[in-house]
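Below you'll find the structure, written out as structure tokens, and then a few comments.
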Amino acid sequence: MTKPLLSVRGLTLDIPLANGMLHAVRGIDFDLHRGETLCIVGESGSGKSLTSLAIMGLLDRNIRRSATRMDFDGTELTTASKRQMRALRGDRIAMIFQEPMTSLNPAYTIGDQLIEALQLHRSVSHDTARKRAIELLEKVGITAAASRLSQYPHQLSGGLRQRVVIAMALMCEPELIIADEPTTALDVTIQAQILRLLVDLTKEMNVAMILITHDLGVVARVADNVGVMYAGALVETGPASDVFGMPMHPYTRGLLHCIPQPGKTQRGTPLGTIPGIVPSLVGEVQGCAFRTRCPHTVADCRAAIPERGTPPHQFLCVHPDGARAAEGEPA
Amino acid sequence: MSVHPTIDPLLEEIQGPTPRQILRKRVTGHTGLLFGLGVVLLLVIVAILAPLLSPHDPYIQDLTNRMVKPVFMGGTWEHPLGTDHLGRDYLSRLIYGARVSLLIGAVAALISGVIGTAMGVAAGYFGGKVDAVVTFLINVRLAMPVVLVALAVVAILGGSLQVVIGVLGLLLWDRFAVVMRASTLQVRRREYVAAAQAIGASTPRVILSEIMPNIVNNLIVIVTLEMAHAILLEAALSFLGLGVQPPTPSWGLMVSEGKNMMLFEPWLVLIPGIVLFILVLAINLMGDGLRDVTAPENRS
Amino acid sequence: MLPYILKRLGLALLVAFTVSFISFSLLFLSGDPAAALAGETASGEDIEALRHLYGFDRPMLVQYGDWLWQALQGNFGESYYFKLPVSTLIGDRLSVTMILGVCGITFALLTAVPLGVVAAIRPNSIIDRLALFLSVAGQAMPSFWFGLILIVVFGIQLGWLPPSGASTWRHFIMPTIVLGYYAMPAIMRLTRAGMLEVLNSDYIRTARAKGAGEGRVLFKHALRNAIIPVVSLAAVQMGFMLGGSIVVESVFALHGAGYLAWESIARNDLPTVQALILIFSMFYIIFTFLADVLNAWLDPRMRSS
Amino acid sequence: MTAPVLELKNVTKTYHVKQGLFGKPKPLTAVNDVSLTLGRGEVLGLVGESGCGKSTLAKILLGLEMPTSGQVLVDGEEINGQDRLALARRIQPIFQDPYSSLNPRKTIADIVSLPLRVHGVGDAASRAKSVRETLDLVGLPARVLNTYPSQMSGGQRQRVAIARALIMHPEIVICDEPTSALDVSVQSQILNLLNDLRTEFGLTYLFISHDLAVVEHLATRVAVMYLGRIVEEAPVATLFEAPRHPYGRALLNSVLTPDPSLGVPDTQLGAAYPNPIAPPSGCHFHPRCPFVQDHCRAVAPRPVPIGEGHVECHLHDPDSPMYRADFTV
Amino acid sequence: DKANDTLSVAFTKELENVDSFFNSSREGVVMQRAVWDGLIYRDPVTNEYKGNLATSWTWIDDKTLELKLREGVKFHNGADFTADDVVATVNFVAKEENGVKTQRNVNWMESAEKVDDFTVRITTKEVFPAAIEFLSGPVSIYPADYYAEVGPSGMGLKPVGTGPYKVVEVVPGQHFVLEKNENYHDSPKGQATINKIDIRTIPDVNTQLAELFSGSLDLIWQVPADQAEKMSAMDDRFTVLNESTMRVGYLAMDAAGRSGMDPNPFTDLKVRQAVNHAIDRDALVDNLLKGKSKVISTACFPSQFGCVQDVTSYEYDPEKAKALLAEAGYPDGFSTPFYAYRDREYGEAISSYLNAVGIQTDFKLLQYSALRELNMKGEVPMSFQTWGSYSVNDASAMVSQFFKHGSLDDAQDDQTKEWLDIADSSTDDATRVEYYTKALQRIADQAYWAPMFSYNTNYVMTKEVEYTPTADEVLRFTNMTWN
Ligand SMILES: Nc1ncnc2c1ncn2[C@@H]1O[C@H](COP(=O)(O)OP(=O)(O)OP(=O)(O)O)[C@@H](O)[C@H]1O
Ligand SMILES: Nc1ncnc2c1ncn2[C@@H]1O[C@H](COP(=O)(O)OP(=O)(O)OP(=O)(O)O)[C@@H](O)[C@H]1O
Ligand SMILES: [Mg+2]
Ligand SMILES: [Mg+2]
């Protein structure tokens, strides 16, 4: 197997708060290969955004990051200097944020911002950069691209802005794109368009992508590999077909039962639920964080949880089969 | 009977403290606020108990004992802070001066608060033409130079405590209107307002019981800040000779009277100035603190 | 943008018109100007004649219209005290006040903006605390008192600066500091708050994610957006400062328009007071108008609407 | 279909929006000539993209906005003439954002009992009893009574909002995206609750949502809205099997079921999102429609009744030159 | 300073108009004496009259004074001084409608006529023995052609006279610069020695002191007693001199009942007497005014001709004051507005004495012109006022100013007016003294005023300046020299 483009081991993020230490991300591991799309899915507050910012080196000053390894194509991100990080950001690793309405600077034209993205890393002429900008705008499906360059963000609709953001991310032909909920704020039809665009572009340019979302539908349609995150831990990872075909962790299965699936779920029947709420991660966290909501909780859930399954499909649970059998699912 | 099983009480704990507990915690953790509150309270008590606390009658003059130095500059305990240019006890005048400042600040802020809040809330809630008119009035008011207009009016009507209070009250409503308008606009968009309306609550009820409680914290902040503003303005007017008139012991007036001897007896100016500074500082710290502790929760 | 400017101008004029009316009627109530004009030995008939001569017996609205019409042509009538055209009187002194105002706002901006920016970059740092302290103290500092203290310390004890007057630039240093310090806290707080908000915004994160350096992020991306409200506030403060120059001018015996205003009020010199109120208002209106135009130009959202 | 409990006849709502600080107000037709009927016990799912007028329609039904023209009838009575109190007994809302729909300064008991107090129902004791019962109904324990919204999770808050809406026993509940702010694990609890309450009390819902999967699960009928108009309306099964309007079809295509084998669908829509202040000529949808012809740009389609619903598209209008009897997805 | 031969002086007040006929302030008098000349000159020390622009004068009849004029005098603008200038000036200022600010100074003149180029006759309206004194005081002679051209406001902006100093710069509100008149005629005023006088308006004494410390002022005057005391005690860089002035402080009361007060206590003699008894004038003089100030009990300054001192006086006796108030029907006192225009602390101290006997005062400090206006309208029940008699050393300059039914007369007493008329218009000194005495007696008996004290002026100057002040409160730049 080839060497992964990005390899993360034991990434831990702690935030000191007035009432204790918030363990926002608790030792997560994952690998990402070139041209591959990894989707990280999880409830609000499970640490998805922080994980992505940790890779970018854009965490707030007060957040403590530690990892045994964060290797990006031979560069160890944990020890990289500020300058090195800055050279990576926007050039080899690009990022797309959730809010298309606010992630473009209102004071500058689309053209200025696109061109800046290129000129920060390549010493190219303004004209060349402009040509590249037009080319990419057309590529992301924006018509009359040349005239858009002189427009300001507020003159574009949400869907168009997100396309601009994507174009901006692609300006330097990055090897890795991190997209943090790029479609959550968009309408369903536009969401589908944007996702399709992202998938097509990554495949075409052989770019690796980490796509963060809380929508299982998006994950299933986009991901090569899936990471299910709960309370700061990756509780299940694996190829999309495996995770959706045979979800091992009780949380993953719970999530899948919660959503109505046209054609599959009987109309009007009760949906599955996961009662309770995400526990606070302030203070010492022991054992499985999901045990407070899990129907299969046993005493051992408080102890250290073993990693189960065989790569690439792995999960964290005291039950060897993730209690699949207990739910009457085929093992 | 329950259609849906009750959520397991053990699993879904009610989180966190009540808003009041949060407030208490934030207040006790905010040194600026505590300092401001403490000083203001102290001065309020001093003002209320002025007749008991002041060693002398602040109006009794003794021309043979003029400008006696305060005790820390070699004076005696008879007049701990010395006497002024007419031989009146400086400490007593300072104590009574607290009454003047606090009274002016409080009443002026009250008057302008009522005017400004009514205008601001009406503008924010009803929008449209009401808003246009109020915004216009705010513009007009801001365009008028406060000190100049206040001086002119005081000159016309004569400088008495009532006139000064009235003039300041009628001039300082702009910030109330601006802030209350903005807060109301913001709260008005919240869905609980729509919910109350959909329930059938009348407009006064919506304003009083849904909107007001959510903007009252901003109101309190502005009240304190405007109170400080009014106190400073009164001092400035009195300093210019067109505020409250002697022998009323206003701190601004005391600075103005002490000014003549400033080069020789600087304490005459320093003492009332410092007291004025501390009072205004304390009120401002209180206001800033209140703003901090009542601000919606932020992440840190 | 042009229609915006025109409409904004219309509003400015309407405000100016209303202010002029209020200031006229305010002082109209202040008593019989004819008696004041007539002098010591005047009899009832004399006063009556004067009243008629000056048109004080006409309805107020007519008098107002007349006054406004004259004022528009730069004629504010004759000072009761100096018996000189008010415009001549004011013209001389306005420059002093303007110099003071410009110096004051410059001082305020030059201290407040850098402090606010640094405080926002490093919240809770020493500089942030210093900035906060300066602004809290500034807001509580009675400017007349501050001025007196400066005079005693720098004018007398140390003898570094001339204690009063306006003949050289050194005379303007202390008044500038006092007036500027009055405007500084608000500007600093707004800069700090604006910067904090902008620095937490998504587009700043985007800029960082593009690989932009810290300096570029701060000055190209953040400050540009944070400065927009500061421009408005500076204009408002400038307007307030001219109004507030009364106090400072009287402390430093600067013979500017503010000082003239104070004296004219005390002297019951109605035409001068009326003219000064109107002129100070006009300055406020003009400054805020210019600030809005500048903002409309700085802020593309307004530029294109 | 049962007797209509709610009926909209040619309802139009036009706002005048100012552009910029001083711009001349321009008309914005948020709801454009909408006619709908809703039978007792039905759930009408209202879907459409952001800004198409769904919430405006809801506000009109709640009496929070007056329609510019047209009638709204509840049980055959026009509600424009009725006072808000009377209307409030029959129609109640549940809003999208559980963080903004509860007054943070009030206790849960105050919030839930507000309708009783506004309507002057009962005395303090009977009100308290009623509040407890209703909280129980939505699955909240009595100990939440004296807590504040800020102490609750999103799901709990939404339950409080539901309790407040139900305490006066309304006939119709307007749910404006009641779950879109919630995590899926909580969303399903609320959906189940709403469904259970409906069967228990025979409520009628107008259920507004972005999420077609949810609508399909809960609704009996579906209306698809585009730029202020209902472009297609049909029983849920019909619509989900064979959407007739190109936009309805695109919406349906965009539903992402968690099935890894399907990939991201192609909606075949253009990217040009129209400006509601200057809507496109003819058929509002034409700039994005994959089947657009010149006729669409010139002539606005009319509603054509089909089956138990209707659709607004030239392709389905027998009188139109573009009519294609065989047109299906 | 001495180095560039420029003396920097501060004025407290900004002149409304430098034209001496159109201001009524002390600073105006100072300017007037420097820039212009009168026909006659009174030596401030010996009080002897000497010729100035006139060389000799004789009464032709009761009402006609003939004056011989000095030849070869030139105005600052180069124009020659002739009888025409005198005639034009007198005829202009004597006309009431021309609005000379202090009518009393000029309204005794009917007109002037030219006899020949250097002889004029001035006709008085009534018999007016004080004419010589007035001609040596406030009546200055203006250049006829120039004045006709520019009028009072032009004269104010660019003054032209014959005096020892000419005005070279006027920046309204800021400063005036005077320069030595090299061509000054051989006047009893003497020739100026200091080349330039820079007069700055600095309203605040405190600032004046600061400027003096910092060396940008050479001389200040009218320094309050406290500061002057400190200055003389603390620093050997300065000379502090004290000289009495003709200024008298007094309380005016609305005896005629002109103000709208109802009931008006001041119409009651007992109340006015009570006010007189309530105030400890000695304490005021000893502790506040100090220097050469004296307690005064008549409505004039003691050195003035006709100003007798042996009138009814009211000693400080608060108990008696209270008793009188009670008798008058105010056992609990009453409250009244109390106005003042200068010396806030004196006013405050006085009001404190009044408060002590039960007269509650609502203290109002106005600018002089504003108070005067109110006063003229008769709307001032009680005020603390001062009068400097324009340095005219004749009782008529004060008592006749206020008790002859003018708009500033709060007594409006016919008897007093009658006696004053006689005194003012008699040419016989004995008769004048007799009737001034009667009038002053009556004013004291009726307690129309409560005369308080005479003022003094403190002059503070650097050791570089040599100057001996005079008792008439006029700064004479001509008499100043460098040490
Ligand atoms: N700068 C910060 N300071 C303090 N706490 C933070 C900070 N950033 C994030 N957190 C907390 O860390 C946790 C994880 O946050 P994160 O933004 O990664 O969640 P998420 O999975 O992206 O959620 P969402 O789906 O809502 O975006 C949350 O509890 C959040 O409140
Ligand atoms: N009070 C108002 N004044 C002016 N325009 C309004 C007002 N309320 C809504 N609109 C406009 O009417 C249109 C419809 O808005 P509405 O809120 O009904 O959309 P929606 O379908 O509910 O959207 P979303 O899915 O985002 O909630 C939008 O273009 C909106 O900008
Ligand atoms: Mg996130
Ligand atoms: Mg909506």
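Contacts between D:Val43 and chain A at a heavy-atom distance below 4.5 Å are absent for every atom of the residue. In this structure, chain D has heavy atoms under 4.5 Å from both the backbone and the side chain of A:Leu195. Residue D:Thr257 touches chain A through both its backbone and its side chain, counting heavy-atom pairs closer than 4.5 Å. Interface remark: A:Leu186 contributes no atoms to any contact with chain D (heavy atom separation under 4.5 Å). If you measure heavy-atom distances from A:Val199 to chain D, the contacts under 4.5 Å come from the side chain alone. Using a 4.5 Å cut-off between heavy atoms, A:Thr269 touches chain D through backbone and side chain atoms alike. Both the backbone and the side chain of D:Leu251 come within less than 4.5 Å of a heavy atom of chain A. Heavy-atom distances place the side chain of A:Ile190, and not its backbone, under 4.5 Å from chain D.
For the options D:Val236, D:Leu212, D:Asp211, heavy-atom pairs under 4.5 Å to chain A are most numerous at D:Val236. Ranked by non-hydrogen atom pairs under 4.5 Å with chain A, the options D:Leu262, D:Val214, D:Leu218, D:Val255 are led by D:Leu262. Across A:Gly254, A:Ala223, A:Pro239, A:Ser44, the residue that shares the most heavy-atom pairs under 4.5 angstrom with chain D is A:Ser44.
Closest approach of D:Ser188 to A:Gly272, counting heavy atoms only: OG-O, 2.8 Å. Here the closest heavy-atom approach between residue A:Ala240 and residue D:Pro260 is recorded as O-CG, 3.9 Å. The nearest pair of heavy atoms linking A:Val188 to D:His210 is CG1-O, 3.7 Å. Here the closest non-hydrogen pair linking A:Gln266 and D:His217 is O-CE1, 3.4 Å.
Distance alone, capped at 3.5 Å, is enough to place a donor-acceptor pair between the A:Arg196 side chain and the D:Val264 backbone. For A:Arg267 (side chain) and D:Glu216 (main-chain N/O), a donor-acceptor pair under 3.5 Å exists by modelled atom type.
Residues D:Gln189 and A:Cys258 form no side-chain contact, since every pair of their non-hydrogen atoms from C-beta on lies 4.5 Å or further apart. With contacts defined as side-chain heavy-atom distances shorter than 4.5 Å, the pair A:Thr189/D:Arg288 qualifies. Residues D:Asn195 and A:Pro270 fail the side-chain proximity criterion, which asks for heavy atoms closer than 4.5 Å. In this structure, D:Asp259 and A:Gln261 have side chains that are not in contact, with every pair of non-hydrogen atoms separated by 4.5 Å or more. Between A:Thr273 and D:Val186, every side-chain heavy-atom pair lies at or beyond the 4.5 Å cut-off.
A donor and an acceptor atom, one from each side chain of A:Glu43 and D:Ser185, are located under 3.5 Å apart.
Rounded to the nearest 0.5 Å, atoms CG (A:Leu271) and CG (D:Asn192) are 4.5 Å apart. To the nearest 0.5 angstrom, A:Ile259 atom CD1 is 11.5 Å from D:Leu191 atom CG.
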Subject >> Pair D:Val184-A:His214, side-chain contact (heavy atoms from CB on, under 4.5 Å): steps then yes or no >> reply: CA-CA 8 Å; D:Val184 274; A:His214 55 246; over 6 Å; no

**OP:** Decide yes or no on side-chain contact (heavy atoms from CB on, under 4.5 Å) for D:Asp266 and A:Gln193, but give the supporting numbers first.
**Re:** CA-CA 7 Å; D:Asp266 182 2; A:Gln193 289 174 335; over 6 Å; no

